[in-house]
Amino acid sequence: GDYHYSPETNIQLTALSEILGFRILDRLREKEGGAYSPGTGVSYNKFPTNRYAYTISFGCAPENVEKLIGDAKEEIEKLKTKGATALDITKFSTEEQRQYELHQRDNGYWLNWLSRQYQNGDDPAEILNYPQRIREVNPESVKAAARLYLNENNFIRLVLLPETRTK
């Protein structure tokens with residue numbers, strides 16, 4: 001869908017994706033035991049238009065598809081109604097801060113960051129604000145992001161089933 005591209009919005013989209021990822025992994029693989037490699041992802045672009053996309057993906061037996069999709073939707077609904085927990089926020093901020101520190105030592109990361117900032121017409125020094133952006137994520141901001149960006153209006157359901165062979 002459409003959205004307002006900004007460092008503030010981008011960190012909220014990232015936090016929502018990561019926190020939903022924690023929950024999907026815990027529920028679909030650990031609690032339900034029915035999914036292989038569940039994951040979430042978010043992408044967002046400034047050009048040619050401000051757009052975002054969330055994905056939830058997992059592999060499972062065909063008979064588990066409907067139940068696991070329902071479970072994933074329940075986790076989305078929990079984020080929309082209750083928001084993130086303090087533990088969710090701590091897990092996100094700790095991991096994001098660690099990744100930020102690791103990326104600072106990686107030339108490939110810097111090349112990608114500087115190229116993207118240049119292409120988008122954004123300030124390269126914005127990277128210095130990233131630790132503060134991480135601290136701006138809280139249970140209510142995740143709840144607001146979930147309500148705004150995880151809606152049924154643009155939901156696409158894709159299921160890849162194994163080929164059935166007849167003799």
Side-chain angles (χ1 to χ4, degrees), residues 1-28 35-59 68-69 72-81 83-84 88-160:
D2 296 327
Y3 89 114
H4 173 71
Y5 186 98
S6 71
E8 297 83 6
T9 305
N10 296 348
I11 191 68
Q12 296 301 328
L13 287 170
T14 299
L16 178 57
S17 177
E18 293 296 317
I19 290 168
L20 183 57
F22 301 151
R23 290 179 171 206
I24 294 292
L25 179 67
D26 184 56
R27 175 129 182 220
L28 272 59
Y36 318 110
S37 305
T40 61
V42 64
S43 62
Y44 41 84
N45 299 311
K46 188 172 185 178
F47 292 111
T49 59
N50 289 234
R51 303 277 300 165
Y52 77 95
Y54 271 100
T55 58
I56 298 173
S57 60
F58 54 86
L68 296 176
I69 289 174
K73 285 184 168 186
E74 281 181 24
E75 291 304 316
I76 290 170
E77 199 55 39
K78 285 180 192 176
L79 280 174
K80 290 165 78 171
T81 56
D88 291 332
I89 299 298
T90 300
K91 283 171 64 175
F92 166 74
S93 30
T94 301
E95 181 59 23
E96 202 66 15
Q97 183 65 38
R98 187 177 79 77
Q99 289 298 319
Y100 172 75
E101 291 166 5
L102 289 173
H103 288 318
Q104 290 183 9
R105 296 181 237 147
D106 181 10
N107 287 338
Y109 175 82
W110 283 110
L111 177 62
N112 185 36
W113 170 264
L114 293 170
S115 296
R116 191 173 56 245
Q117 294 300 97
Y118 176 75
Q119 289 169 348
N120 288 337
D122 293 335
D123 182 6
E126 176 58 34
I127 192 73
L128 302 173
N129 298 324
Y130 202 71
Q132 176 56 37
R133 302 266 181 252
I134 295 168
R135 289 189 294 276
E136 292 169 358
V137 174
N138 60 61
E140 284 302 312
S141 71
V142 173
K143 180 178 175 179
R147 286 182 173 175
L148 186 59
Y149 298 111
L150 299 178
N151 61 65
E152 291 286 326
N153 297 336
N154 54 6
F155 173 76
I156 300 171
R157 179 182 181 270
L158 303 169
V159 178
L160 177 63

Working for salt bridge (charged side-chain N to carboxylate O under 4.0 Å, His left out), residues E75 and K78: CA-CA 5 Å; E75 291 304 316; K78 285 180 192 176; 3.2 Å; yes
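Atom-to-atom distance recorded for E96:CD and E101:CD is 11.5 Å, nearest 0.5 angstrom. To the nearest 0.5 angstrom, I127 atom CD1 is 11.0 Å from R133 atom CZ. Here NZ of K73 is found 13.0 Å from CG of L68. Values are rounded to the nearest 0.5 Å. Note that the OH atom of Y130 and the CG atom of N10 stand 9.0 Å from one another [nearest 0.5 Å]. Here the CD1-OG1 distance, from I89 to T94, works out to 10.5 Å after rounding to the nearest 0.5 Å.
Contact of the I69 side chain with the F58 side chain is registered, since non-hydrogen atoms from C-beta on lie closer than 4.5 Å. Side-chain contact between N45 and Y5: absent, with no pair of heavy atoms (C-beta onward) separated by less than 4.5 Å.
Applying the ring-ring contact (aromatic ring centres under 6.0 Å, His included) test to Y44 and every residue at least two apart in sequence or in another chain returns nothing. Partners of T9 according to the side chain to side chain donor-acceptor pair (under 3.5 Å) rule, which considers only residues two or more places apart in sequence or in another chain, are S6.
Counting all heavy atoms, side chain and backbone alike, V142 lies closest to V137 at CG2-CG1, 3.8 Å. For the pair W110 and H103, the tightest heavy-atom approach, listed with the atom from each and the gap, is NE1-O, 3.8 Å. Nearest heavy atom pair, residue V42 against residue T14, reads CG1-CA, 4.2 Å. Listed here is the closest heavy atom pair of L28 and A72: CD1-N, 4.2 Å. E126 and P7 get closest at one heavy-atom pair: OE2-CB, 3.4 Å. Heavy-atom minimum distance, N151 versus K80: CA-NZ, 4.2 Å.
Under 3.5 Å, the side chains of R116 and Q119 contain no donor-acceptor pair of N or O atoms. Side-chain contact check for Y100 and Q104: at least one donor-acceptor pair (N or O, by modelled atom type) lies under 3.5 Å. Residues Q12 and E8 have side chains that never bring a donor and an acceptor to within less than 3.5 angstrom of each other.
At least one donor-acceptor pair closer than 3.5 Å links the side chain of T40 to the backbone N or O of S17. Between the side chain of Y54 and the backbone N or O of L13 there is at least one donor-acceptor pair closer than 3.5 Å.
Note: Y149 and Y3 have perpendicular aromatic rings, judged against thresholds of 30 and 60 degrees for the angle between ring planes. Using the six-membered ring where Trp is involved, Y109 and W113 have ring planes that are parallel, under 30° apart on the 30 and 60° scheme.
Other residues, nucleotides and ligands contribute at most 12 non-hydrogen atoms within 6.0 Å of the OH atom of Y118.
With L79 as reference, R23 is the one residue of R23, K143, R147 to meet the side chain to side chain contact (heavy atoms under 4.5 Å, CB included) rule. Screening Q97, Q99, K91 for a side chain to side chain donor-acceptor pair (under 3.5 Å) involving E95 leaves a single residue, Q99.
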When the side chains of residues 153-160 are checked against the rest of the protein, which donor-acceptor pairs come out under 3.5 Å, sequence neighbours left out?
unit_1, atom_1, unit_2, atom_2, d
R157, NH2, E66, OE1, 3.2
R157, NH2, E66, OE2, 2.1

